[in-house]
S.K.: 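Submitted below is the structure of interest, expressed as structure tokens.
One is the number of the first residue; the rest follow in order along the sequence. Note: hydrogens, waters and symmetry copies are ignored here, and every other heavy atom, side chains too, is used.
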Amino acid sequence: MSTASDPELSWHNVTEWGVEGRAWEDHKRLRYFDRMPASAEKGMSLIIDRLGVASAWEMSRCSAGMMVRFRSVTTKVHIRYRLLNAELALPHMPATGVSGVDLYARNELGAWRYVNCIKPTTQDVDTEIISGLIPGDREYALYLPLYNGVEHMEIGISSDVEFAELPPRANPIVFYGTSVTQGGVASRPGACHSSLLGRRLDRPVVNLGFSGTGRMNQVVVDHLVQADASVFVIECSANMNPTLIRERCIPLVKQLRGAHPHTPILLVEDCRRPNAWISPDNRDFVAENHIALRECFNALQAESVTGISYILGDELFGIDGEGTTDNVHANDLGFKRMADVMEPILREALHLND
């Protein structure tokens, strides 16, 4: 196995050509890998999760949804980066998803296929992702950590081959939501539904999932309207209650529609909790949220607000109870099922079936 100091490797700083998943490129950022610009810090710092522990701003410093693309005939790929936080894993989410990176490549048919991930054990990561690859000119995609931030990142490839920088693509699908949106609790960054959908639709993605704090907050909405999105996917209900949904959903949609008259907007119900059959509290919480969001959707339609689609939450995790880790967050199977439900609606919104 080669090391970072091995002369057989050449190193490439990903910030030199750009990382997808960063909206508002013309806004000042405190760190390159922050998902939100500095102008959002004050307002988002006041949005605290239910446990009173983390703020939306802290969550925004995670690199969820960020992805860097490159092209090479390299037979090996290495990575070195420093994580923002020393906590590498969560009780219900492994270090591979919280702090790891995930490598994909296009095969000979142009389809994205999984290659390998790394298993970080320290805050400073310097390791081989894979070696011994079959030689060939390929496009690669490297997904960044979901629940940790990145201070700097370099990709190492064989020093005797060319390396082509592939710049970020425009007009991303923009997701705004909760911990599930952020990727909780996928085993790998490429396994969450936004990443899956980005590959399936071959579109860039901006992931604005803020664990415990995705509540259709005005500071986020004010920035959303400045994003040059191809679709807005709003999936905030799980962090809200019926009162907040009725108060904030319609103004959010109208503000987006005012700034983007023709951009599709998808409203997504929170996922039905698999233990609802035996837990009345969980059953009723989600059911009441569904009623409130549907009322908002119907009211918007009655006012002839166009270009809005609605995604039911009952089968997002599936119907067998196996799509979740803790009744709230998706496991990898749950994320695949979410993508399966959402893909045809996004294809229609993007006119990909025309």
S.K.: Considering only heavy atoms from C-beta outward, does the side chain of Pro264 approach that of Phe232 to under 4.5 Å?
M.R.: no

S.K.: Between the side chain of Ser211 and the main-chain N/O of Ser179, is any donor-acceptor distance below 3.5 Å?
M.R.: no

S.K.: Where the side chain of Arg337 meets the backbone of Phe317, is there a donor-acceptor pair that is under 3.5 Å apart?
M.R.: yes

S.K.: Just so I know, are the side chains of Gln226 and His27 near enough to count as touching, which here means a heavy-atom distance under 4.5 Å?
M.R.: yes

S.K.: Quick one: is the NZ or CZ of Arg199 closer than 6.0 Å to the six-membered ring centre of Tyr104, and within 45° of its axis?
M.R.: yes

S.K.: Name the one of Asp124, Asp126, Val125, Val14 that satisfies side chain to side chain contact (heavy atoms under 4.5 Å, CB included) with Tyr81?
M.R.: Val125

S.K.: Check the hydrophobic clustering (I, L, V, M, F, W, Y; side-chain heavy atoms under 4.5 Å; chains of links allowed) and say if Met216 and Val253 are grouped together.
M.R.: yes

S.K.: Can you tell if the side chain of Gln123 reaches within under 4.5 Å of the side chain of Arg82, non-hydrogen atoms only?
M.R.: yes

S.K.: Is there a donor-acceptor pair closer than 3.5 Å between any side-chain N or O of Asn116 and the backbone N or O of Ile129?
M.R.: yes

S.K.: Is there a donor-acceptor pair closer than 3.5 Å between any side-chain N or O of Glu58 and the backbone N or O of Ser55?
M.R.: yes

S.K.: Within the supplied structure, the quantity of interest is the number of heavy atoms (other residues, nucleotides, ligands) at a distance under 6.0 Å from Gln301 CD; does it exceed 12?
M.R.: yes

S.K.: Surrounding CD1 of Ile319 (heavy atoms of other residues, nucleotides or ligands, distance under 6.0 Å), is the total greater than 12?
M.R.: no

S.K.: Can you check whether Gly313's main-chain N or O pairs, donor with acceptor, with Glu269's side chain at less than 3.5 Å?
M.R.: yes

S.K.: Answer yes when Glu165 and Arg69 have at least one side-chain N-carboxylate O distance shorter than 4.0 Å, and no when they do not.
M.R.: no

S.K.: Mark yes or no for whether Thr181, through its side chain, and Tyr176, through its backbone, hold a donor-acceptor pair below 3.5 Å.
M.R.: no

S.K.: Using modelled atom types only, decide if a donor and an acceptor are shared between the side chain of Asp332 and the backbone of Ser187 within a distance under 3.5 Å.
M.R.: yes

S.K.: Given side chain to side chain contact (heavy atoms under 4.5 Å, CB included), test Arg138 with Arg71 step by step and report yes or no.
M.R.: CA-CA 6 Å; Arg138 298 187 188 91; Arg71 191 172 192 93; 5.9 Å; no

S.K.: For Phe163 and Trp11, run ring-ring contact (aromatic ring centres under 6.0 Å, His included): C-alpha distance rounded to whole Å, both residues' side-chain angles, the deciding distance at 0.1 Å, then the answer.
M.R.: CA-CA 10 Å; Phe163 180 91; Trp11 289 93; over 10 Å; no

S.K.: Between Asp34 (side chain) and Arg31 (backbone), is there a donor-acceptor pair under 3.5 Å?
M.R.: yes

S.K.: Please tell me if the side chains of Leu197 and Val205 come closer than 4.5 Å, counting only heavy atoms from C-beta onward.
M.R.: no

S.K.: Can you name the nearest heavy-atom pair linking Gly177 to Cys236, along with the distance?
M.R.: CA-SG, 3.8 Å

S.K.: Is a side-chain donor or acceptor of Ser99 paired with a backbone partner of Leu88 at a separation under 3.5 angstrom?
M.R.: yes

S.K.: Could you please spell out the steps behind the side chain to side chain contact (heavy atoms under 4.5 Å, CB included) verdict for Leu201 and Glu343?
M.R.: CA-CA 8 Å; Leu201 303 175; Glu343 181 181 354; 4.1 Å; yes

S.K.: So do the side chains of Leu346 and Val233 get within less than 4.5 Å of each other, counting heavy atoms only?
M.R.: yes

S.K.: May I ask you to establish whether Arg294 and Tyr310 are in a cation-pi arrangement, using a distance under 6.0 Å from NZ or CZ to the six-membered ring centre and at most 45° from the ring axis?
M.R.: yes

S.K.: According to a hydrophobic-cluster definition based on side-chain heavy atoms being under 4.5 Å apart (Ile, Leu, Val, Met, Phe, Trp, Tyr only), do Ile173 and Leu224 belong together?
M.R.: no

S.K.: Do Arg22 and Phe33 come within less than 4.5 Å of each other through their side chains, counting heavy atoms only?
M.R.: no

S.K.: Quick check: are there more than 12 heavy atoms from other residues, nucleotides or ligands sitting under 6.0 Å from CD of Glu151?
M.R.: yes

S.K.: Please check if Val328 and Met93 belong to a single hydrophobic cluster, counting links between Ile, Leu, Val, Met, Phe, Trp and Tyr side chain heavy atoms closer than 4.5 Å.
M.R.: no

S.K.: Compute the centroid of each ring, for Phe175 and then for His193, and state whether the two points are separated by less than 6.0 Å.
M.R.: yes

S.K.: List the steps, then state whether salt bridge (Lys or Arg N to Asp or Glu O under 4.0 Å) holds for Asp49 with Arg215.
M.R.: CA-CA 10 Å; Asp49 67 18; Arg215 304 189 190 116; over 6 Å; no

S.K.: Write down the atom of Met36, the atom of Ser60, and the distance for their closest heavy-atom approach.
M.R.: CG-CB, 3.7 Å

S.K.: Inspect the surroundings of CD in Gln218 and state if more than 12 heavy atoms from other residues, nucleotides or ligands are less than 6.0 Å away.
M.R.: yes

S.K.: May I ask you to test the Leu90-Val185 pair for a side-chain heavy-atom distance under 4.5 Å?
M.R.: no

S.K.: Start with the C-alpha gap between Met153 and Ile79, add the side-chain angles, then the distance that decides, and say whether side chain to side chain contact (heavy atoms under 4.5 Å, CB included) holds.
M.R.: CA-CA 7 Å; Met153 178 174 286; Ile79 190 76; 3.7 Å; yes

S.K.: Please test Arg272 against Glu315 for salt bridge (Lys or Arg N to Asp or Glu O under 4.0 Å), starting from the C-alpha separation and ending with a verdict.
M.R.: CA-CA 7 Å; Arg272 182 75 67 179; Glu315 298 185 9; over 6 Å; no

S.K.: Validate the cation-pi geometry between Arg283 and Trp277: distance from NZ or CZ to the six-membered ring centre under 6.0 Å, angle to the ring axis within 45°.
M.R.: no

S.K.: Could you state whether Met44 and Val206 fall into the same hydrophobic cluster, counting links through intermediate Ile, Leu, Val, Met, Phe, Trp or Tyr residues with side-chain heavy atoms under 4.5 angstrom apart?
M.R.: yes

S.K.: Just by distance, do the side chain of Ser63 and the backbone of Pro145 share a donor-acceptor pair under 3.5 Å?
M.R.: yes

S.K.: Does the structure place the NZ or CZ of Arg35 under 6.0 Å from the centre of the six-membered ring of Phe210, at an angle of no more than 45° from the ring's axis?
M.R.: no

S.K.: Hey, could you give me the CG/CD1 distance between Leu256 and Ile265, rounded to the nearest 0.5 Å?
M.R.: 5.0 Å

S.K.: When you check the gap from the basic side-chain N to the acidic O, do Arg273 and Asp281 get nearer than 4.0 Å?
M.R.: no

S.K.: To the nearest 0.5 Å, what is the distance between CD1 (Ile47) and CH2 (Trp57)?
M.R.: 11.5 Å

S.K.: Do we see a donor-acceptor contact under 3.5 Å between the side chains of Ser158 and Thr74?
M.R.: yes

S.K.: Within the structure provided, determine whether Leu142 and Val77 are in side-chain contact (heavy-atom separation under 4.5 Å).
M.R.: no

S.K.: Which value, rounded to the nearest 0.5 Å, describes the distance between Asn289 atom CG and Asp284 atom CG?
M.R.: 11.0 Å

S.K.: Applying side chain to side chain donor-acceptor pair (under 3.5 Å) to Gln255 and Asp222, what does each step give before you reach the verdict?
M.R.: CA-CA 8 Å; Gln255 189 170 346; Asp222 287 343; 2.9 Å; yes

S.K.: Should the ring pair His92 and His329 be called parallel, tilted or perpendicular, given that the plane angle runs from 0 to 90° and is split at 30 and 60?
M.R.: perpendicular

S.K.: To check you understand the geometry: which heavy-atom pair defines the closest contact between Thr96 and Cys117, and what is its length?
M.R.: CG2-SG, 4.1 Å

S.K.: Would you say Ile134 has more than 12 foreign heavy atoms packed within less than 6.0 Å of its CD1?
M.R.: no

S.K.: Starting at CG of Leu9, measure out to CD of Glu154 and round the result to the nearest 0.5 Å.
M.R.: 11.0 Å

S.K.: For side chain to side chain contact (heavy atoms under 4.5 Å, CB included), just list the numbers for Ile245 and Asn241, CA-CA rounded to whole Å, side-chain angles, deciding distance to a tenth of an Å, and then say yes or no.
M.R.: CA-CA 6 Å; Ile245 292 170; Asn241 58 43; over 6 Å; no

S.K.: Side-chain heavy atoms under 4.5 angstrom apart, residues restricted to Ile, Leu, Val, Met, Phe, Trp, Tyr: same cluster for Tyr32 and Leu146?
M.R.: no

S.K.: Please report the interatomic distance CG(Asn239) to CG(Asp270), rounded to the nearest 0.5 Å.
M.R.: 9.5 Å

S.K.: Give, for atom NE2 of His78 and atom NZ of Lys76, the distance between the pair rounded to the nearest 0.5 Å.
M.R.: 5.5 Å

